[in-house]
Amino acid sequence: MNKKVRVRFAPSPTGGLHLGGVRTVLYNYLFAKKHGGDFIVRIEDTDQSRYVPGAEEYIFDCLRWCGLEPDESVQHGGNFGPYRQSERKESYRQFAEQLVDKGFAYYAFDTPEELDKMRQDFKTEHNPSPQYDHSIRMKMRNSLTLTNEETKKLLENGTKHVIRIKMPEKETVSFTDMIRGEVNFDTSTVDDKVLLKADGMPTYHLAVVVDDYLMQISHAFRGEEWLPSAPVHILLWKYLFGIENMPQWAHFPLILGPNGKLSKRDGAKYGFPVFAMNWSDPKSGELTEGFKEKGFLPEAFINLLALLGWNDGTEQEIFSKEELTEKFSMERVHSAGAKFDYEKAKWFNHEWIKRLKVESLRLKVGELLAQNGIHVTNEGLLDKIIFLVKDRCTLLTDFVQQSSFFFKAPDVLDVNAVKPKWNEAKQLFFAEIIRNYELTTDWDAHVLENNFKEIAAVNDLKPGELMLPFRIMLVGGKFGPGVFDIAAILGKEETIRRIHYAMGKF
RNA sequence: GGCCCGUUCGUCUAAGGGCUAGGACACCACCCUUUCACGGUGGUGAUACGGGUUCGAAUCCCGUACGGGCUACCA
(Lines give C-alpha, C1' and ligand atoms only; values in the text may rest on other atoms or scores of the structure.)
Protein backbone atom coordinates (compact mmCIF):
# COMPACT_ATOMS: atom_id res chain seq x y z
CA MET A 1 0.00 0.00 0.00
CA ASN A 2 1.32 3.39 -0.94
CA LYS A 3 1.77 6.07 1.65
CA LYS A 4 -0.19 9.20 0.90
CA VAL A 5 1.93 11.79 -0.87
CA ARG A 6 2.81 14.62 1.46
CA VAL A 7 5.42 17.20 0.50
CA ARG A 8 6.58 20.29 2.29
CA PHE A 9 8.19 23.60 1.55
CA ALA A 10 10.20 24.96 4.47
CA PRO A 11 11.22 28.60 4.05
CA SER A 12 13.14 30.51 6.65
CA PRO A 13 11.68 33.95 7.31
CA THR A 14 14.84 35.93 6.66
CA GLY A 15 13.95 38.01 3.61
CA GLY A 16 12.30 38.03 0.20
CA LEU A 17 11.29 34.92 -1.71
CA HIS A 18 13.64 34.60 -4.63
CA LEU A 19 13.40 32.73 -7.92
CA GLY A 20 14.92 29.51 -6.66
CA GLY A 21 12.60 29.53 -3.67
CA VAL A 22 9.50 29.97 -5.75
CA ARG A 23 10.56 27.24 -8.12
CA THR A 24 11.09 24.89 -5.19
CA VAL A 25 7.58 25.67 -3.96
CA LEU A 26 6.24 25.18 -7.45
CA TYR A 27 7.80 21.75 -7.99
CA ASN A 28 6.70 20.66 -4.54
CA TYR A 29 3.20 21.89 -5.20
CA LEU A 30 2.97 20.32 -8.65
CA PHE A 31 4.22 16.99 -7.42
CA ALA A 32 1.78 16.94 -4.52
CA LYS A 33 -1.20 17.93 -6.65
CA LYS A 34 -0.33 15.56 -9.44
CA HIS A 35 -0.41 12.67 -7.00
CA GLY A 36 -3.45 13.87 -5.12
CA GLY A 37 -1.36 14.62 -2.06
CA ASP A 38 -0.88 17.40 0.47
CA PHE A 39 1.32 20.43 0.15
CA ILE A 40 2.59 21.65 3.49
CA VAL A 41 4.41 24.83 4.39
CA ARG A 42 6.50 24.75 7.53
CA ILE A 43 8.45 27.73 8.80
CA GLU A 44 12.12 27.16 9.61
CA ASP A 45 12.66 29.87 12.19
CA THR A 46 15.11 28.19 14.55
CA ASP A 47 17.70 30.89 14.03
CA GLN A 48 16.18 33.73 16.00
CA SER A 49 19.01 36.10 15.23
CA ARG A 50 18.12 36.08 11.55
CA TYR A 51 14.35 36.24 11.93
CA VAL A 52 12.99 39.21 10.02
CA PRO A 53 9.59 40.48 11.14
CA GLY A 54 7.07 40.43 8.34
CA ALA A 55 8.97 37.92 6.25
CA GLU A 56 6.62 35.11 7.12
CA GLU A 57 3.52 37.02 6.06
CA TYR A 58 5.36 38.12 2.96
CA ILE A 59 6.09 34.52 1.98
CA PHE A 60 2.40 33.63 2.23
CA ASP A 61 1.52 36.71 0.19
CA CYS A 62 3.83 35.46 -2.54
CA LEU A 63 2.33 31.99 -2.44
CA ARG A 64 -1.14 33.49 -2.70
CA TRP A 65 -0.14 35.63 -5.68
CA CYS A 66 1.38 32.62 -7.43
CA GLY A 67 -1.72 30.56 -6.75
CA LEU A 68 0.26 28.00 -4.75
CA GLU A 69 -1.78 27.87 -1.57
CA PRO A 70 -0.73 25.18 0.93
CA ASP A 71 -3.08 22.57 2.35
CA GLU A 72 -1.43 22.89 5.76
CA SER A 73 0.54 25.73 7.29
CA VAL A 74 0.62 28.32 10.03
CA GLN A 75 -1.99 30.26 8.10
CA HIS A 76 -4.05 27.39 6.76
CA GLY A 77 -4.26 25.07 9.73
CA GLY A 78 -3.89 21.28 9.74
CA ASN A 79 -3.41 18.36 12.09
CA PHE A 80 0.36 18.35 12.28
CA GLY A 81 1.01 21.71 13.89
CA PRO A 82 2.58 23.79 15.08
CA TYR A 83 4.04 24.59 11.69
CA ARG A 84 6.58 27.01 13.07
CA GLN A 85 9.69 25.23 14.27
CA SER A 86 10.32 27.68 17.09
CA GLU A 87 7.01 26.52 18.57
CA ARG A 88 8.11 22.90 18.39
CA LYS A 89 11.32 23.59 20.29
CA GLU A 90 10.60 21.20 23.17
CA SER A 91 10.13 18.13 21.03
CA TYR A 92 13.57 18.23 19.43
CA ARG A 93 15.63 17.93 22.64
CA GLN A 94 14.31 14.46 23.46
CA PHE A 95 15.35 13.14 20.07
CA ALA A 96 18.81 14.63 20.45
CA GLU A 97 19.18 13.09 23.88
CA GLN A 98 17.93 9.78 22.59
CA LEU A 99 20.83 9.88 20.14
CA VAL A 100 23.29 10.61 22.94
CA ASP A 101 21.95 7.66 24.92
CA LYS A 102 22.42 5.36 21.97
CA GLY A 103 25.97 6.61 21.41
CA PHE A 104 25.21 8.32 18.09
CA ALA A 105 25.72 11.81 19.45
CA TYR A 106 27.49 13.56 22.29
CA TYR A 107 27.52 16.71 24.40
CA ALA A 108 30.09 19.30 23.46
CA PHE A 109 31.05 22.12 25.78
CA ASP A 110 33.50 23.98 23.59
CA THR A 111 33.09 27.72 23.67
CA PRO A 112 33.07 29.78 20.47
CA GLU A 113 36.59 30.91 21.39
CA GLU A 114 37.76 27.33 21.75
CA LEU A 115 36.27 26.46 18.38
CA ASP A 116 38.01 29.42 16.85
CA LYS A 117 41.29 28.34 18.36
CA MET A 118 40.84 24.82 17.05
CA ARG A 119 40.25 26.17 13.54
CA GLN A 120 43.37 28.27 13.80
CA ASP A 121 45.55 25.59 15.33
CA PHE A 122 44.70 22.87 12.86
CA LYS A 123 44.65 25.08 9.81
CA THR A 124 47.20 24.03 7.22
CA GLU A 125 47.85 24.75 3.59
CA HIS A 126 46.14 21.51 2.67
CA ASN A 127 43.27 21.99 5.06
CA PRO A 128 42.21 25.63 5.14
CA SER A 129 39.04 24.94 7.11
CA PRO A 130 39.42 22.19 9.71
CA GLN A 131 36.21 20.49 10.74
CA TYR A 132 35.01 19.23 14.08
CA ASP A 133 35.26 15.61 12.97
CA HIS A 134 36.50 12.19 14.01
CA SER A 135 40.10 13.28 13.85
CA ILE A 136 39.54 16.31 16.05
CA ARG A 137 36.76 15.43 18.43
CA MET A 138 38.97 13.54 20.85
CA LYS A 139 41.01 16.71 21.30
CA MET A 140 38.01 18.82 22.26
CA ARG A 141 35.93 19.30 25.38
CA ASN A 142 32.97 16.96 25.08
CA SER A 143 31.32 13.96 26.66
CA LEU A 144 33.63 11.66 24.71
CA THR A 145 36.79 13.12 26.22
CA LEU A 146 35.47 13.96 29.69
CA THR A 147 34.57 11.40 32.29
CA ASN A 148 30.93 10.65 32.94
CA GLU A 149 31.17 12.45 36.26
CA GLU A 150 32.67 15.55 34.69
CA THR A 151 30.01 15.60 32.00
CA LYS A 152 27.24 15.09 34.49
CA LYS A 153 28.54 17.90 36.62
CA LEU A 154 28.83 20.32 33.76
CA LEU A 155 25.27 19.52 32.69
CA GLU A 156 23.95 19.92 36.21
CA ASN A 157 25.66 23.27 36.51
CA GLY A 158 23.84 24.40 33.41
CA THR A 159 27.00 24.82 31.37
CA LYS A 160 26.32 25.98 27.85
CA HIS A 161 26.58 23.03 25.52
CA VAL A 162 25.47 21.64 22.21
CA ILE A 163 24.72 18.14 21.02
CA ARG A 164 26.76 16.94 18.05
CA ILE A 165 26.23 13.90 15.87
CA LYS A 166 29.08 11.41 16.05
CA MET A 167 29.84 10.67 12.44
CA PRO A 168 31.10 7.11 11.88
CA GLU A 169 34.73 6.98 10.93
CA LYS A 170 34.52 4.76 7.91
CA GLU A 171 31.15 4.18 6.43
CA THR A 172 29.60 4.80 3.05
CA VAL A 173 26.12 6.21 3.10
CA SER A 174 24.10 6.41 -0.05
CA PHE A 175 20.63 7.21 -1.22
CA THR A 176 18.81 7.39 -4.52
CA ASP A 177 17.97 10.89 -5.60
CA MET A 178 14.89 11.03 -7.84
CA ILE A 179 16.75 13.34 -10.19
CA ARG A 180 20.40 12.32 -9.88
CA GLY A 181 20.23 8.61 -9.16
CA GLU A 182 22.54 7.04 -6.60
CA VAL A 183 24.71 9.44 -4.62
CA ASN A 184 27.42 8.19 -2.25
CA PHE A 185 29.24 9.80 0.65
CA ASP A 186 32.12 8.78 2.81
CA THR A 187 31.26 9.61 6.42
CA SER A 188 34.89 10.23 7.28
CA THR A 189 34.77 13.44 5.25
CA VAL A 190 31.70 14.78 7.03
CA ASP A 191 31.99 16.73 10.28
CA ASP A 192 30.15 16.23 13.55
CA LYS A 193 27.32 18.63 12.85
CA VAL A 194 25.62 20.38 15.73
CA LEU A 195 22.11 19.00 16.16
CA LEU A 196 20.96 20.97 19.16
CA LYS A 197 22.26 24.46 19.74
CA ALA A 198 23.25 26.00 23.06
CA ASP A 199 19.99 27.93 23.15
CA GLY A 200 18.04 24.69 22.98
CA MET A 201 16.94 25.23 19.40
CA PRO A 202 17.61 22.47 16.91
CA THR A 203 19.70 23.10 13.84
CA TYR A 204 18.17 22.50 10.43
CA HIS A 205 19.67 19.01 10.36
CA LEU A 206 17.80 17.75 13.38
CA ALA A 207 14.65 19.75 12.77
CA VAL A 208 14.18 18.68 9.17
CA VAL A 209 14.44 15.00 10.00
CA VAL A 210 12.24 15.14 13.09
CA ASP A 211 9.59 17.25 11.41
CA ASP A 212 9.55 15.24 8.21
CA TYR A 213 8.94 12.19 10.35
CA LEU A 214 6.30 13.72 12.60
CA MET A 215 4.52 15.39 9.71
CA GLN A 216 4.58 12.14 7.74
CA ILE A 217 6.34 13.63 4.77
CA SER A 218 6.57 11.12 1.93
CA HIS A 219 8.74 13.08 -0.49
CA ALA A 220 11.27 15.73 0.39
CA PHE A 221 12.52 18.10 -2.29
CA ARG A 222 14.98 20.92 -1.83
CA GLY A 223 17.76 22.82 -3.60
CA GLU A 224 21.06 21.28 -4.59
CA GLU A 225 22.88 23.28 -1.91
CA TRP A 226 21.56 20.70 0.57
CA LEU A 227 23.16 17.72 -1.11
CA PRO A 228 26.37 17.83 0.97
CA SER A 229 24.44 17.55 4.23
CA ALA A 230 22.45 14.56 3.01
CA PRO A 231 24.68 12.02 4.83
CA VAL A 232 23.90 13.69 8.16
CA HIS A 233 20.19 13.45 7.49
CA ILE A 234 20.41 9.88 6.26
CA LEU A 235 22.20 8.84 9.43
CA LEU A 236 19.64 10.62 11.58
CA TRP A 237 16.86 8.76 9.83
CA LYS A 238 18.71 5.51 10.37
CA TYR A 239 19.34 6.19 14.06
CA LEU A 240 15.98 7.73 14.92
CA PHE A 241 13.15 6.51 12.75
CA GLY A 242 14.48 3.78 10.48
CA ILE A 243 15.97 4.29 7.04
CA GLU A 244 12.99 2.55 5.48
CA ASN A 245 10.77 5.40 6.65
CA MET A 246 12.88 8.09 5.06
CA PRO A 247 11.05 10.13 2.44
CA GLN A 248 12.11 9.94 -1.17
CA TRP A 249 14.44 12.79 -1.97
CA ALA A 250 15.20 15.01 -4.90
CA HIS A 251 17.64 17.91 -5.07
CA PHE A 252 16.82 20.63 -7.57
CA PRO A 253 19.52 22.32 -9.62
CA LEU A 254 20.35 25.89 -8.73
CA ILE A 255 19.09 28.91 -10.61
CA LEU A 256 22.05 31.03 -11.62
CA GLY A 257 22.42 34.72 -12.35
CA PRO A 258 24.37 36.20 -15.24
CA ASN A 259 27.66 35.81 -13.36
CA GLY A 260 27.11 32.58 -11.56
CA LYS A 261 25.20 32.41 -8.33
CA LEU A 262 21.98 34.36 -8.14
CA SER A 263 22.29 36.31 -4.96
CA LYS A 264 19.35 37.55 -2.99
CA ARG A 265 21.08 40.80 -2.31
CA ASP A 266 21.49 43.58 -4.82
CA GLY A 267 18.71 42.41 -7.08
CA ALA A 268 18.88 45.80 -8.75
CA LYS A 269 22.37 44.98 -9.97
CA TYR A 270 21.07 42.50 -12.51
CA GLY A 271 18.55 44.84 -14.06
CA PHE A 272 15.74 42.41 -13.30
CA PRO A 273 13.86 41.36 -10.17
CA VAL A 274 14.97 38.37 -8.13
CA PHE A 275 12.01 38.30 -5.74
CA ALA A 276 8.45 37.24 -6.45
CA MET A 277 7.00 40.40 -4.93
CA ASN A 278 8.35 43.68 -3.64
CA TRP A 279 10.32 43.16 -0.47
CA SER A 280 11.23 45.98 1.82
CA ASP A 281 13.71 45.07 4.47
CA PRO A 282 12.46 46.39 7.82
CA LYS A 283 16.00 46.78 9.09
CA SER A 284 17.65 48.64 6.22
CA GLY A 285 14.44 50.02 4.76
CA GLU A 286 15.75 48.94 1.39
CA LEU A 287 13.16 48.03 -1.22
CA THR A 288 13.80 45.21 -3.69
CA GLU A 289 11.47 45.07 -6.65
CA GLY A 290 9.43 41.96 -7.32
CA PHE A 291 8.15 40.31 -10.47
CA LYS A 292 4.59 41.17 -9.55
CA GLU A 293 5.22 44.88 -9.31
CA LYS A 294 7.44 44.79 -12.37
CA GLY A 295 4.34 43.83 -14.33
CA PHE A 296 4.45 40.05 -14.51
CA LEU A 297 1.36 37.89 -14.51
CA PRO A 298 1.42 35.05 -11.98
CA GLU A 299 0.52 32.66 -14.81
CA ALA A 300 3.66 33.71 -16.68
CA PHE A 301 5.87 33.74 -13.60
CA ILE A 302 4.97 30.17 -12.72
CA ASN A 303 5.26 29.09 -16.31
CA LEU A 304 8.74 30.48 -16.81
CA LEU A 305 10.00 29.07 -13.52
CA ALA A 306 8.60 25.65 -14.26
CA LEU A 307 10.47 25.58 -17.57
CA LEU A 308 13.71 26.60 -15.89
CA GLY A 309 14.87 23.08 -15.20
CA TRP A 310 12.01 21.02 -16.49
CA ASN A 311 10.20 20.31 -19.75
CA ASP A 312 7.72 17.71 -20.83
CA GLY A 313 9.78 16.43 -23.75
CA THR A 314 7.63 18.13 -26.38
CA GLU A 315 8.14 21.55 -27.92
CA GLN A 316 5.37 23.10 -25.86
CA GLU A 317 6.51 26.02 -23.73
CA ILE A 318 3.34 27.72 -22.58
CA PHE A 319 1.64 25.79 -19.80
CA SER A 320 -1.18 26.75 -17.46
CA LYS A 321 -0.95 25.67 -13.83
CA GLU A 322 -3.42 22.89 -14.60
CA GLU A 323 -1.35 21.61 -17.51
CA LEU A 324 1.81 21.74 -15.41
CA THR A 325 0.11 19.76 -12.67
CA GLU A 326 -0.93 17.14 -15.17
CA LYS A 327 2.37 16.88 -17.02
CA PHE A 328 5.00 17.50 -14.35
CA SER A 329 7.28 14.62 -13.49
CA MET A 330 10.31 14.62 -11.22
CA GLU A 331 12.17 12.33 -13.63
CA ARG A 332 12.20 15.09 -16.23
CA VAL A 333 13.73 17.69 -13.93
CA HIS A 334 17.31 18.40 -14.98
CA SER A 335 20.34 17.88 -12.87
CA ALA A 336 22.28 20.86 -14.26
CA GLY A 337 21.88 24.42 -13.04
CA ALA A 338 20.06 26.93 -15.22
CA LYS A 339 21.02 30.51 -15.88
CA PHE A 340 18.11 32.89 -15.61
CA ASP A 341 17.39 34.79 -18.82
CA TYR A 342 15.29 37.91 -18.29
CA GLU A 343 14.59 38.36 -22.00
CA LYS A 344 12.97 34.96 -22.16
CA ALA A 345 11.08 35.69 -18.96
CA LYS A 346 9.58 38.76 -20.60
CA TRP A 347 8.67 36.69 -23.63
CA PHE A 348 6.67 34.35 -21.41
CA ASN A 349 4.80 37.30 -19.93
CA HIS A 350 4.09 38.74 -23.36
CA GLU A 351 2.72 35.40 -24.52
CA TRP A 352 0.44 35.24 -21.50
CA ILE A 353 -0.83 38.78 -22.00
CA LYS A 354 -1.63 37.96 -25.61
CA ARG A 355 -3.31 34.72 -24.64
CA LEU A 356 -5.35 35.92 -21.70
CA LYS A 357 -8.89 37.12 -22.35
CA VAL A 358 -9.73 40.78 -21.80
CA GLU A 359 -11.85 39.84 -18.77
CA SER A 360 -8.80 38.32 -17.08
CA LEU A 361 -6.74 41.45 -17.57
CA ARG A 362 -9.42 44.04 -16.84
CA LEU A 363 -8.96 44.18 -13.07
CA LYS A 364 -5.18 44.35 -13.12
CA VAL A 365 -5.02 46.95 -15.87
CA GLY A 366 -7.71 49.01 -14.13
CA GLU A 367 -5.70 49.00 -10.91
CA LEU A 368 -2.54 49.92 -12.70
CA LEU A 369 -4.21 52.87 -14.42
CA ALA A 370 -5.73 53.97 -11.11
CA GLN A 371 -2.25 53.97 -9.58
CA ASN A 372 -1.28 56.36 -12.34
CA GLY A 373 -4.16 58.69 -11.63
CA ILE A 374 -6.53 57.39 -14.27
CA HIS A 375 -9.80 56.15 -12.82
CA VAL A 376 -11.79 54.34 -15.44
CA THR A 377 -15.49 54.09 -14.82
CA ASN A 378 -16.59 52.80 -18.20
CA GLU A 379 -15.75 49.10 -18.18
CA GLY A 380 -16.84 48.51 -21.76
CA LEU A 381 -14.48 51.21 -22.92
CA LEU A 382 -11.59 49.73 -20.91
CA ASP A 383 -12.24 46.31 -22.42
CA LYS A 384 -12.17 47.74 -25.92
CA ILE A 385 -8.86 49.45 -25.23
CA ILE A 386 -7.26 46.40 -23.62
CA PHE A 387 -8.23 44.33 -26.61
CA LEU A 388 -6.71 46.90 -28.93
CA VAL A 389 -3.36 47.29 -27.15
CA LYS A 390 -2.59 44.02 -25.41
CA ASP A 391 -0.54 42.58 -28.27
CA ARG A 392 1.99 45.33 -27.80
CA CYS A 393 2.37 44.99 -24.03
CA THR A 394 5.19 42.82 -22.74
CA LEU A 395 4.72 43.78 -19.11
CA LEU A 396 1.46 44.77 -17.47
CA THR A 397 3.00 48.14 -16.75
CA ASP A 398 3.20 48.73 -20.50
CA PHE A 399 -0.57 49.17 -20.45
CA VAL A 400 -0.06 52.52 -18.78
CA GLN A 401 1.81 54.01 -21.71
CA GLN A 402 -0.25 52.15 -24.25
CA SER A 403 -3.61 53.31 -22.97
CA SER A 404 -3.26 56.46 -20.88
CA PHE A 405 -3.74 58.73 -23.88
CA PHE A 406 -7.24 57.38 -24.37
CA PHE A 407 -8.25 58.95 -21.10
CA LYS A 408 -5.96 61.93 -20.89
CA ALA A 409 -4.61 64.20 -23.61
CA PRO A 410 -0.82 63.80 -23.84
CA ASP A 411 1.14 66.26 -21.71
CA VAL A 412 3.94 66.55 -24.19
CA LEU A 413 3.89 66.09 -27.94
CA ASP A 414 6.85 64.67 -29.81
CA VAL A 415 6.97 67.79 -31.97
CA ASN A 416 10.43 67.00 -33.29
CA ALA A 417 8.99 64.04 -35.16
CA VAL A 418 6.69 66.37 -37.08
CA LYS A 419 8.10 69.88 -37.15
CA PRO A 420 10.88 69.42 -39.76
CA LYS A 421 8.39 68.27 -42.36
CA TRP A 422 5.50 70.45 -41.33
CA ASN A 423 4.28 73.00 -43.88
CA GLU A 424 1.40 75.17 -44.97
CA ALA A 425 -0.20 72.39 -47.02
CA LYS A 426 -0.40 70.12 -44.02
CA GLN A 427 -1.72 72.90 -41.87
CA LEU A 428 -4.52 73.42 -44.39
CA PHE A 429 -5.14 69.70 -44.66
CA PHE A 430 -5.77 69.31 -40.94
CA ALA A 431 -7.96 72.40 -40.93
CA GLU A 432 -10.06 70.66 -43.54
CA ILE A 433 -10.02 67.41 -41.57
CA ILE A 434 -11.46 69.23 -38.62
CA ARG A 435 -14.29 70.61 -40.77
CA ASN A 436 -14.91 67.19 -42.29
CA TYR A 437 -14.88 65.31 -39.00
CA GLU A 438 -17.19 67.85 -37.44
CA LEU A 439 -19.78 66.92 -40.03
CA THR A 440 -19.21 63.18 -39.75
CA THR A 441 -22.20 61.51 -38.18
CA ASP A 442 -21.02 57.91 -38.46
CA TRP A 443 -17.96 58.08 -36.13
CA ASP A 444 -16.25 54.85 -37.13
CA ALA A 445 -12.61 53.99 -37.81
CA HIS A 446 -13.19 52.99 -41.43
CA VAL A 447 -15.21 56.10 -42.19
CA LEU A 448 -12.57 58.31 -40.59
CA GLU A 449 -9.80 56.61 -42.56
CA ASN A 450 -11.65 56.89 -45.87
CA ASN A 451 -12.41 60.56 -45.38
CA PHE A 452 -8.82 61.20 -44.31
CA LYS A 453 -7.43 59.57 -47.44
CA GLU A 454 -9.92 61.20 -49.77
CA ILE A 455 -9.08 64.66 -48.53
CA ALA A 456 -5.38 63.85 -48.80
CA ALA A 457 -5.86 62.75 -52.42
CA VAL A 458 -7.83 65.88 -53.31
CA ASN A 459 -5.03 68.02 -51.87
CA ASP A 460 -2.39 65.96 -53.64
CA LEU A 461 -0.78 64.89 -50.36
CA LYS A 462 0.54 61.45 -49.43
CA PRO A 463 -1.51 59.92 -46.60
CA GLY A 464 1.64 58.40 -45.17
CA GLU A 465 3.10 61.81 -44.46
CA LEU A 466 -0.04 62.90 -42.71
CA MET A 467 -0.67 59.89 -40.51
CA LEU A 468 2.38 60.38 -38.35
CA PRO A 469 1.46 63.98 -37.48
CA PHE A 470 -2.09 62.79 -36.82
CA ARG A 471 -0.75 60.12 -34.47
CA ILE A 472 1.41 62.63 -32.62
CA MET A 473 -1.63 64.88 -32.23
CA LEU A 474 -3.73 62.16 -30.66
CA VAL A 475 -1.14 60.10 -28.80
CA GLY A 476 1.81 62.39 -28.25
CA GLY A 477 4.39 59.94 -29.59
CA LYS A 478 5.19 57.23 -32.09
CA PHE A 479 3.36 54.37 -30.47
CA GLY A 480 -0.07 52.85 -29.98
CA PRO A 481 -2.55 51.02 -32.16
CA GLY A 482 -3.91 52.22 -35.48
CA VAL A 483 -4.62 55.98 -35.47
CA PHE A 484 -8.15 55.67 -36.76
CA ASP A 485 -9.00 53.10 -34.12
CA ILE A 486 -7.72 55.58 -31.57
CA ALA A 487 -9.75 58.41 -33.04
CA ALA A 488 -12.83 56.20 -33.10
CA ILE A 489 -12.51 55.51 -29.38
CA LEU A 490 -11.62 59.08 -28.45
CA GLY A 491 -14.80 60.31 -30.05
CA LYS A 492 -15.50 63.29 -32.27
CA GLU A 493 -15.17 66.08 -29.77
CA GLU A 494 -11.91 64.93 -28.20
CA THR A 495 -10.28 64.03 -31.52
CA ILE A 496 -11.01 67.45 -32.97
CA ARG A 497 -9.92 69.15 -29.77
CA ARG A 498 -6.53 67.38 -29.89
CA ILE A 499 -5.97 68.19 -33.58
CA HIS A 500 -6.81 71.77 -32.89
CA TYR A 501 -4.48 72.02 -29.91
CA ALA A 502 -1.57 70.30 -31.65
CA MET A 503 -1.73 72.37 -34.84
CA GLY A 504 -0.65 75.36 -32.82
CA LYS A 505 2.44 73.53 -31.63
CA PHE A 506 4.00 72.51 -34.95
C1' G B 1 42.62 22.24 0.18
C1' G B 2 38.62 18.30 0.95
C1' C B 3 33.75 16.41 -0.37
C1' C B 4 29.48 16.51 -3.61
C1' C B 5 26.89 17.94 -8.15
C1' G B 6 27.23 19.32 -13.06
C1' U B 7 28.99 20.37 -18.66
C1' U B 8 24.56 20.22 -26.27
C1' C B 9 23.98 27.07 -30.17
C1' G B 10 25.16 33.54 -26.27
C1' U B 11 20.60 31.65 -22.97
C1' C B 12 16.60 27.73 -21.81
C1' U B 13 16.47 23.01 -23.83
C1' A B 14 15.21 18.11 -27.39
C1' A B 15 17.60 13.76 -29.08
C1' G B 16 18.18 7.59 -23.18
C1' G B 17 23.90 3.76 -29.37
C1' G B 18 21.82 4.76 -35.58
C1' C B 19 19.19 9.87 -41.04
C1' U B 20 21.84 16.82 -42.74
C1' A B 21 22.05 17.31 -33.75
C1' G B 22 15.46 19.58 -33.45
C1' G B 23 12.72 23.74 -30.94
C1' A B 24 12.30 28.41 -28.12
C1' C B 25 14.50 33.34 -26.41
C1' A B 26 17.97 36.86 -28.23
C1' C B 27 20.32 38.58 -32.80
C1' C B 28 20.28 39.48 -38.39
C1' A B 29 17.57 39.74 -43.19
C1' C B 30 13.12 39.86 -45.90
C1' C B 31 7.50 40.00 -46.09
C1' C B 32 3.18 42.26 -43.73
C1' U B 33 2.35 47.05 -41.48
C1' U B 34 2.21 54.75 -44.01
C1' U B 35 3.86 54.60 -35.76
C1' C B 36 5.32 50.78 -32.41
C1' A B 37 4.10 46.01 -31.99
C1' C B 38 1.69 41.25 -33.45
C1' G B 39 2.16 37.79 -37.38
C1' G B 40 4.91 35.19 -41.56
C1' U B 41 9.50 33.38 -44.11
C1' G B 42 14.60 32.58 -43.91
C1' G B 43 19.60 32.99 -41.66
C1' U B 44 23.99 33.01 -38.14
C1' G B 45 24.96 29.74 -34.07
C1' A B 46 26.33 23.95 -30.00
C1' U B 47 27.64 18.29 -28.34
C1' A B 48 34.38 21.32 -23.27
C1' C B 49 39.02 18.32 -24.28
C1' G B 50 41.61 13.46 -24.52
C1' G B 51 41.29 8.39 -24.38
C1' G B 52 38.54 3.91 -24.52
C1' U B 53 33.91 0.29 -25.52
C1' U B 54 31.20 -0.36 -30.39
C1' C B 55 30.03 -1.73 -37.18
C1' G B 56 28.32 2.97 -35.15
C1' A B 57 28.88 7.63 -29.34
C1' A B 58 26.06 14.03 -27.77
C1' U B 59 24.34 9.43 -25.62
C1' C B 60 28.11 4.11 -22.08
C1' C B 61 33.19 3.98 -19.23
C1' C B 62 37.86 6.43 -17.58
C1' G B 63 40.87 10.74 -17.23
C1' U B 64 41.61 16.12 -17.76
C1' A B 65 39.71 20.92 -17.90
C1' C B 66 36.06 24.23 -16.62
C1' G B 67 31.63 25.76 -13.76
C1' G B 68 28.68 25.47 -9.33
C1' G B 69 27.52 24.04 -4.28
C1' C B 70 29.03 22.65 0.65
C1' U B 71 32.96 22.80 4.14
C1' A B 72 28.84 27.77 10.95
C1' C B 73 25.85 26.74 17.59
C1' C B 74 22.61 29.88 8.97
C1' A B 75 19.04 27.76 6.64
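Residue numbering restarts at 1 for every chain, and letters A, B, ... go by the order of the sequence lines.
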- Query: Where does B/C38 land, syn or anti, once you apply the within-90°-of-0 test for syn?
  - Reply: syn
Have a look at [X] and say if it touches a base, only the backbone sugar-phosphate, or nothing, with a 4.0 Å heavy-atom cut-off.
X: A/Val194; value: sugar-phosphate
X: A/Ser129; value: base
X: A/Leu115; value: base
X: A/Ala338; value: sugar-phosphate
X: A/Arg222; value: nothing
X: A/Thr314; value: nothing
X: A/Asp110; value: base
X: A/His334; value: sugar-phosphate
X: A/Val183; value: sugar-phosphate
X: A/Glu44; value: sugar-phosphate

Please confirm whether [X] makes a cation-pi placement over [Y], using NZ or CZ under 6.0 Å from the six-membered ring centre and within 45° of the ring normal.
X: A/Lys419; Y: A/Trp422; answer: no
X: A/Arg164; Y: A/Tyr132; answer: yes
X: A/Arg23; Y: A/Trp310; answer: no

Same-atom distance ([atom1]) from [N] to [M], integer angstrom:
N: B/C5; M: B/U64; atom1: P; answer: 15 Å
N: B/U59; M: B/G16; atom1: P; answer: 12 Å
N: B/G43; M: B/C61; atom1: C1'; answer: 39 Å
N: B/A57; M: B/A21; atom1: P; answer: 14 Å

For a quick test of reading the model: is some side-chain N or O of [X] closer than 4.0 Å to OP1 or OP2 of [N]?
X: A/Lys197; N: B/C74; answer: yes
X: A/Asn311; N: B/C12; answer: no
X: A/Arg119; N: B/C73; answer: yes

- Message: Hydrogens and angles aside, do A/Tyr204 and A/Asp47 bring a side-chain donor and acceptor to less than 3.5 Å of each other?
- Response: no
Counting only Watson-Crick or G-U wobble pairs whose two distances fall under 3.5 Å, which nucleotide matches [N]?
N: B/U34; value: none
N: B/G67; value: B/C5
N: B/G42; value: B/C28
N: B/A15; value: none
N: B/U59; value: none
N: B/C73; value: none

Out of [options], whichever nucleotide has its closest atom nearest the side chain of [X]:
X: A/Ser12; options: B/G6, B/A75, B/C38; answer: B/A75
X: A/Thr189; options: B/G69, B/C3, B/A15; answer: B/C3
X: A/Lys339; options: B/C70, B/G68, B/C12; answer: B/C12
X: A/Val162; options: B/C73, B/U11, B/C38; answer: B/C73
X: A/Leu227; options: B/A14, B/C4, B/G1; answer: B/C4
X: A/Arg180; options: B/G6, B/A14, B/C12; answer: B/G6
X: A/Leu254; options: B/C70, B/C73, B/G68; answer: B/G68

Under a 3.5 Å distance rule, please check whether [X] uses its side chain to pair with a backbone N or O of [Y] as donor and acceptor.
X: A/Glu323; Y: A/Ser320; result: yes
X: A/Asn303; Y: A/Phe319; result: yes
X: A/Asp186; Y: A/Thr189; result: no

- Message: Using 30° and 60° as the class boundaries, would you call the ring planes of A/Tyr58 and A/Trp279 parallel, tilted or perpendicular?
- Response: perpendicular
- Would you say the ring centroid of A/Phe301 lies under 6.0 angstrom from that of A/Phe296? no
- With B for base contact, S for sugar-phosphate-only contact and - for none (protein heavy atoms under 4.0 Å), nucleotides 18-35 of chain B reads ----SSBB--------BB
